[in-house]
Amino acid sequence: MFLSTKSITTGLFSFTALVALAGCQNYTPAGDGAGSFERGKLEMSAPPELVDRFHSLDSDGDGVIDVSEARSDSDLMGAFGTADIDSDRQLSLGEFLDSQAVDNN
């Protein structure tokens, strides 16, 4: 029994698509969760040492620094209330970077 050119082409296309999708299963874009694209852009434009410091303070890796994590840095803890613009008791990367810009001036 012979296979038609159409069935061979369809099969190859399906196989290629499956292989391509399998390669993407462990891909993680910059950032994570809601607003990850914007956070990724912010991370790419911010000074690397500040982004590294943010990630080291964010000990649970949830993308924010909460009060318990800020306690490990006395300077940040002292400025936490002012830095927490939206008063959610967490510092986003943007709030953290803004607070560091104010501190450095």
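- In this structure, Glu69 contributes its side chain and Asp60 its backbone to a donor-acceptor pair below 3.5 Å.
- Across Phe80 and Ala70, no two heavy atoms sit closer than the pair CD1-CB, 3.6 Å.
- Nearest heavy atoms, Leu97 versus Ala46: CD1-CB, 3.6 Å.
- In this structure a side-chain-to-backbone donor-acceptor pair under 3.5 Å is missing from Asp73 to Met77.
- Summarising the geometry of Asp58 relative to Gly63, their closest heavy-atom pair is OD2-N, 2.8 Å, with the distance given to 0.1 Å.
- Minimum interatomic distance between Asp88 and Asp84 (heavy atoms only, all atoms of both residues): OD1-OD1, 2.9 Å.
- Using a 4.5 Å cut-off on side-chain heavy atoms (C-beta onward), Leu93 and His55 make no contact.
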Go through Gln100 and Arg53 one step at a time and tell me if the side-chain contact (heavy atoms from CB on, under 4.5 Å) criterion holds. CA-CA 11 Å; Gln100 299 306 298; Arg53 183 168 175 236; 2.7 Å; yes
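- Taking all atoms of both residues into account, the shortest heavy-atom contact from Ser68 to Asp66 is OG-OD1, 2.7 Å.
- Between the Gln90 side chain and the Ile65 main chain, no donor and acceptor come within less than 3.5 Å of each other.
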Apply side-chain contact (heavy atoms from CB on, under 4.5 Å) to the pair Phe96 and Leu57, showing each step before the final yes or no. CA-CA 10 Å; Phe96 175 78; Leu57 290 167; 3.9 Å; yes
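- For the atom pair Phe54 CZ and Ser99 OG, the distance stands at 10.0 Å (nearest 0.5 Å).
- For the residue pair Leu76 and Leu91, the shortest heavy atom distance occurs at CD1-CD1, 3.6 Å.
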